[in-house]
Amino acid sequence: TAVSMLDHIVVDTEDTAHQAIELLRLQSVGSASFIVLSRLDHLKTKMMRASSSEDPSLRENAPRLVELITPSSPAFNIAFYRACGDTLVA
């Protein structure tokens, strides 16, 4: 798919991801990929800059996928940006 990271599990810290991996291993239920929120601070500026620098007509005719998603908490916006990047929906 265009957004392969949508099946990743979002966690707050690397420690939480390690705990989850260990639980998956102990239960022998397979593996998972994670998006660690504490490691995404470098994307916040890029996410805001991309949103504010776009031509308004482009936003109306082809919005970014991340702008069409309403997460359960604003804290997850950056995780969706990590997964979707600047993918446009036409």
Side-chain angles (χ1 to χ4, degrees):
T1 67
V3 186
S4 62
M5 293 182 78
L6 287 180
D7 63 350
H8 285 42
I9 298 170
V10 178
V11 294
D12 55 351
T13 65
E14 287 182 57
D15 186 51
T16 303
H18 290 296
Q19 290 175 27
I21 291 168
E22 186 59 27
L23 181 63
L24 292 170
R25 187 175 304 136
L26 288 172
Q27 298 294 320
S28 299
V29 292
S31 62
S33 297
F34 297 87
I35 295 175
V36 181
L37 291 175
S38 65
R39 300 202 64 202
L40 299 180
D41 286 339
H42 67 284
L43 291 177
K44 289 181 181 178
T45 302
K46 182 178 178 186
M47 181 175 74
M48 293 304 184
R49 185 174 50 238
S51 179
S52 64
S53 67
E54 291 176 358
D55 178 354
S57 64
L58 178 60
R59 282 196 304 265
E60 291 173 14
N61 297 320
R64 292 185 306 161
L65 178 58
V66 72
E67 294 167 348
L68 302 176
I69 298 170
T70 305
S72 60
S73 168
F76 298 126
N77 283 338
I78 194 69
F80 281 104
Y81 181 74
R82 172 68 179 97
C84 300
D86 294 318
T87 301
L88 298 177
V89 178

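For clarity, every value in this text was computed on a predicted model and none was experimentally measured. Hydrogens, waters and symmetry mates are skipped; everything else that's a heavy atom, side chains included, is used.
- A distance of 12.0 Å separates CG of Leu68 from CZ of Phe80, quoted to the nearest 0.5 Å.
- At a threshold of 4.5 Å between side-chain heavy atoms, the hydrophobic network of Ile, Leu, Val, Met, Phe, Trp and Tyr places Met5 and Ile9 in two separate groups.
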* From CA spacing to verdict: side-chain contact (heavy atoms from CB on, under 4.5 Å), Phe76, Leu37 -> CA-CA 8 Å; Phe76 298 126; Leu37 291 175; 4.0 Å; yes

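- Atom-to-atom distance recorded for Arg82:CZ and His42:NE2 is 7.0 Å, nearest 0.5 angstrom.
- Distance check: Gln19 CD to Glu14 CD gives 12.5 Å after rounding to the nearest 0.5 Å.
- Between Ala62 and Leu88, the shortest heavy-atom contact is O-CD2, 3.4 Å.
- A continuous path of ILVMFWY side-chain contacts below 4.5 Å connects Met47 to Val10, so both sit in one hydrophobic cluster.
- Under the 4.5 Å side-chain heavy-atom criterion for ILVMFWY residues, no single connected hydrophobic cluster contains both Phe34 and Leu43.
- Residues Arg25 and Ile21 are in side-chain contact: their nearest non-hydrogen atoms beyond the backbone lie under 4.5 Å apart.
- Looking at Asn77 and Val66, their side chains never come closer than 4.5 Å, going by heavy atoms from C-beta outward.
- Val36 is not connected to Leu40 by any chain of hydrophobic side-chain contacts under 4.5 Å among Ile, Leu, Val, Met, Phe, Trp and Tyr, and they are in different clusters.
- Looking at every heavy atom in both residues, Ala32 comes nearest to Leu24 through CB-CD1, 3.7 Å.
- Annotation: the span from Asp41 atom CG to Ile78 atom CD1 amounts to 8.0 Å, rounded to 0.5 Å.
- By the 4.5 Å heavy-atom criterion applied to side chains, Glu67 and Val89 are not counted as neighbours.
- Here the shortest heavy-atom pairing between Ser38 and Thr13 reads OG-CA, 3.7 Å.
- Linking ILVMFWY side-chain heavy atoms closer than 4.5 Å, directly or via other members, places Ile35 and Leu23 in two distinct hydrophobic clusters.
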* To do: Mind running side-chain contact (heavy atoms from CB on, under 4.5 Å) on Arg64 and Thr87 for me, showing each step along the way?
  => CA-CA 5 Å; Arg64 292 185 306 161; Thr87 301; over 6 Å; no

